[in-house]
There are 2 protein chains.
Amino acid sequence: MRKKLTERVTITDVAHTAGVSKTTVSRYLSGQYHILSENARNRIQEAIRELNYRPNQMARGLKQDRSYLIGMVIADITNPFSTAILRGAEDVCKQRGYSIMVCNTDNDPAKEREYIFMLQSRRIDGLLINTTGRNNQFLRQLAEEHTAIVLVDRKVPELGLDTVGVDNELSTKEAIRFMINRGYEQIAFFTEPLEGVSTRQERANAFKDILIQYGFPVADLYEADLQQAEPLLKQLERFLESSREGKRAIFAANGVILLKLIHALKHKGLRIPDDVAIAGFDEMEWTDLIGPGITTVSQPTYQIGVTAMERIFRRLEGDHSPSQNIAFAGKLIIRGSTPSVKGL
Amino acid sequence: MRKKLTERVTITDVAHTAGVSKTTVSRYLSGQYHILSENARNRIQEAIRELNYRPNQMARGLKQDRSYLIGMVIADITNPFSTAILRGAEDVCKQRGYSIMVCNTDNDPAKEREYIFMLQSRRIDGLLINTTGRNNQFLRQLAEEHTAIVLVDRKVPELGLDTVGVDNELSTKEAIRFMINRGYEQIAFFTEPLEGVSTRQERANAFKDILIQYGFPVADLYEADLQQAEPLLKQLERFLESSREGKRAIFAANGVILLKLIHALKHKGLRIPDDVAIAGFDEMEWTDLIGPGITTVSQPTYQIGVTAMERIFRRLEGDHSPSQNIAFAGKLIIRGSTPSVKGL
DNA sequence: TTGTACGCGTTATCAC
DNA sequence: GTGATAACGCGTACAA
């Protein structure tokens, strides 16, 4: 056992110096002031101040079978989309005395699984997860142990869990329709691999649907793994070769790929929008500063975080209603990267 | 007391189904395989798998007086600088089975204090903090309770704690010297309020020193609170009115103010670098994409996070050597926003 | 209004 | 190699 060089102050110490019992102190700590004599209350308060006592959450948690801990499992904390959500989630947690444990998975199912286990060991009360979709059995397990789980951004219908995100179909259709109306005749949809990620699939499907609806002959859908740089470059070149400048545009399925595409275009010496028009998901702090400004679909990320966390607390408070799927409206922000095509 | 709808699986359950004692299971859990018979080991392993047992970290923590928890207190998790550090810290933690609890303070000392108390209640083993500098007494208290504390980015000399960051003096001087050599005759230094924040002070002082060294008559130092938009705009206008285009440049003390300045310049219809040259701290994902590219001082943020966390673990392992001040070299990344002045 | 006694799930001690 | 037992710090029946 670890040597305690400084003896920690416990509830017993407080009880002693206040001249009352542990029970009374415990009542004080949980705010049951009405059951306490004013005398006791004052003495306890004084003792706590004097001893600098802080209740041990591990002991409380053990006793109450509650950790007051929320796990947040995200693919990449470096992604502004994720941190904005985290920000919202954190604000709500703070207010309630909960803390958030962050876990970064890099979209790696193995890492995700390890984290789920760890969080399970810590007896988290709630979990906010942007899942790889490859650990459903463990998530189900967690849910059975009465952990309140909310899926953020990515859905897994078979799990029947609360979900919070943006309305992908509507937002994508609005954006693509806008581009069609601006006169683009070749519109490419760039996305990370679709497999298993609902968000990407919903956006890709919406893209295809709307193109069909407008009588486009083909849907140029490009999937690229972003682990390395080449796949995206290859796909981009494929598109550029098969299209004519002036009437072509790119739509990026999320902020990460949007950024990489802009980098790639710059690298190839192509101008926005003269050589290629571009737009995509995720408003970021820099999207209005690049070239003529980048047209984006903005998601209410902070609000998503707040809402997701509020659902968790609702569940923790005993709400057993059927699972909800909360989809916020995205907002199309039109900028110079998608001007009307010449001659319209 | 909370009702347990599902009985949780405990070490006792595992012991029963494996037909051994709790002690033996505990030994298994802590990896003392050499003391166990192969028979016992197999049966325990099987029982754990079958029951889906996960050891309760709260109970372990309570017993061992260790939480395996690290607190990370940052001003703004939305700032890429902070998340990159978090990323590094998280990677190191994961490897050791520790978890990180994130706390967002908005640079508000009151919030910071609340978080320190909460983390204290959770008996965190380590703390990585980007402090407001206003809660020194509580940090000292934490340190006395043998929490390993590492200050990130901002120093507080009086606390005598380990510190990890960038070499502000060197980096700033290199950047300003570079701008002087490029021919700028009026260089403004923009920063958030200096008071209490070592990083800002060190950079501001380095700026003044180098200007004096090169015989500049005055050091144009502008402080602006970024809570609202106007103060910065006012300061910017003040500089623009007192300087001539073509020979003037701005240096931003960090990434946040750099971004806001670029926004402000765009808002005022000023071109970079024609009307004003600009450079500043913090390389970000977009700095090479804006206009001719923004000259920046890049900090090894991920490495800072890794290093800070490694120091925490060093301390936890019993290293009692004097506190260190680890300063990484910044890297000047030269781009088009700071061209040579015409006529040089 | 207050206090006694027990248990939460785990590990450490000590004996076998 | 193994196991009984006492703690860790707290909350809560139950009794007073």
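Please read all numbers here as calculations on a predicted model, not as lab measurements.
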Tell me: CG of B:D65 to P of D:dG9, nearest whole Å?
7 Å
Hey, does the side-chain of B:R27 have a donor or acceptor N/O within less than 3.5 Å of a partner on the base of D:dG3?
yes
To the nearest angstrom, the CZ-C1' distance between A:R8 and D:dC10 comes to 15 Å
Validate the cation-pi geometry between A:R41 and A:Y33: distance from NZ or CZ to the six-membered ring centre under 6.0 Å, angle to the ring axis within 45°.
yes
Rounded to the nearest angstrom, tell me the gap between atom CD1 in B:I11 and atom C1' in D:dT5.
14 Å
Between the base of C:dT10 and the side chain of B:K63, is there a donor-acceptor distance below 3.5 Å?
no
Taking atom C1' of C:dT1 as reference, at what distance in whole Å does atom CG of A:N42 sit?
15 Å
Which heavy atom of B:H320 sits nearest to which heavy atom of B:R315, and what is that distance?
C-NH1, 3.6 Å
Five-pair end axes of the helix from C:dT1-D:dA16 to C:dC16-D:dG1, angle between them (10°)
30°
Without decimals, in angstroms, what is the distance between A:H16 NE2 and C:dT2 P?
17 Å
With no hydrogens and no angle check, do the side chains of B:T24 and B:S21 hold a donor and an acceptor under 3.5 Å apart?
yes
For B:R60 and C:dT11, is the shortest distance between a side-chain N/O and OP1 or OP2 below 4.0 Å?
yes
4.5 Å side-chain heavy-atom contact, B:T307 and B:F328:
yes
What ring pair (Phe, Tyr, Trp, His ring centres under 6.0 Å) pairs are there with at least one residue in residues 118-144 of chain A, not counting sequence neighbours?
A:F117-A:F138
List the atom pairs, donor and acceptor, that lie under 3.5 Å between side-chain atoms in residues 88-95 of chain A and the rest of the protein, sequence neighbours left out.
from, atom 1, to, atom 2, distance (Å)
A:E90, OE1, B:Y115, OH, 3.3
A:E90, OE2, B:N104, N, 2.8
A:E90, OE2, B:Y115, OH, 2.6
A:D91, OD2, A:Y302, OH, 2.5
A:K94, NZ, B:E114, OE1, 2.4

Cut-off 3.5 Å, side chains only: do B:Q32 and B:S30 have a donor facing an acceptor?
yes
Spacing between A:R66 atom CZ and D:dC10 atom C1', to the nearest angstrom:
16 Å
Gap between atoms OH and C1', on B:Y28 and C:dT10 respectively (whole Å)
17 Å
Could you tell me how far apart B:R122 (CZ) and D:dC10 (C1') are, to the nearest whole angstrom?
15 Å
Under-4.0 Å side-chain N/O to phosphate OP1/OP2 contact, B:S26 with C:dT10:
no
Determine which pairs satisfy ring pair (Phe, Tyr, Trp, His ring centres under 6.0 Å) with at least one residue from residues 35-56 of chain B, sequence neighbours left out, and list them in order.
none
Salt bridge A:R113-A:D108, side-chain N to carboxylate O under 4.0 Å
no
With a 4.0 Å cut-off, would you call A:D65 and B:R8 a salt bridge?
yes
Between C:dT2 and A:T23, is there an OP1 or OP2 to side-chain N/O distance shorter than 4.0 Å?
no
Among the nucleotides D:dT2, C:dT2, C:dT10, whichever has the atom closest to the side chain of B:K22 is C:dT10
Does a donor on one side chain sit under 3.5 Å from an acceptor on the other, for B:E112 and B:T131?
yes
Hey, are A:E195 and A:R134 close enough for a salt bridge, meaning a charged N less than 4.0 Å from a carboxylate O?
yes
Which of residues 31-39 of chain B sit near DNA chain D, with a heavy atom under 4.0 Å from it?
B:I35, B:L36, B:S37
Taking only heavy atoms on the protein side, list every residue of residues 48-58 of chain A lying under 4.0 Å from any atom of DNA chain C, sorted numerically.
none
